[in-house]
Amino acid sequence: MISKIMEEALNKQVNREYYSAYLYLAMSAWFESVNMKGFSKWMRVQAREEQTHGDKFLEYLMARGGKVYLGAIEAPKAKWASAGKVFEEVYTHEQKVTGMINTLVDLAIREKDHATFEMLQWFVKEQVEEESNASEILARIMTAGDVPGHLFYLDHQLGKRE
Ligand code: FEO
């Protein structure tokens, strides 16, 4: 059985993971609207990955006999100024998520909840990858700068993500 405080915190994280999926779907739609189909595809795959993160928390809560409360998901914005601005936001967002995961780990330690602590280690590692992917793509966009050919090449590369 999971403690009430841990149950509440994990339910909040379910919502945040689905919000991340929503945010990346909005970014995917914006990329599509400016004809950057590779970036759009990359974001759609990322959105699906966020859904699986939400599912992981959900399944864990149920496995521990916790209650699931599905709250409203905040609406993300729909417009960005450039590909660089999108990835600046992705990078900031992922850093925020890392902070959330760390807070959950702190809580699991305080609650002496070893099972939740163990489950969260997957997310601790995942966040290293999430931040690294976002900062790497941001750096590549910055290097491409105003050269349309370079950005077009990057769009092509990102579109290969499955
Ligand atoms: Fe679910 Fe992008 O972290």
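For ligands, and for the atoms within them, numbers begin at 1 and follow the listed sequence. Bear in mind the structure is a predicted one, so any value in this text is a computation, not a measurement.
- Using modelled atom types and a 3.5 Å distance limit, the side chains of Glu131 and Thr98 yield a donor-acceptor pair.
- Excluding waters, the set of protein N, O or S atoms lying under 2.8 Å from atom 2 (Fe) of ligand 1 comprises Glu50 OE2, Glu94 OE1, Glu94 OE2, Glu130 OE2.
- Judged as a ring-ring contact (aromatic ring centres under 6.0 Å, His included), and not counting sequence neighbours, Tyr91 has no contacts.
- Between Trp122 and His53, the two ring planes are perpendicular [angle over 60°; tilted spans 30° to 60°].
- Taking the six-membered ring where the residue is Trp, His93 and Tyr24 present perpendicular rings, their angle passing 60° and hence far from 30°.
- Here Lys96 does not pair with Glu89 in a salt bridge; the nearest charged N to carboxylate O distance is not below 4.0 Å.
- Side-chain contact annotation: Arg161 with Gln46, donor-acceptor N/O pair under 3.5 Å present.
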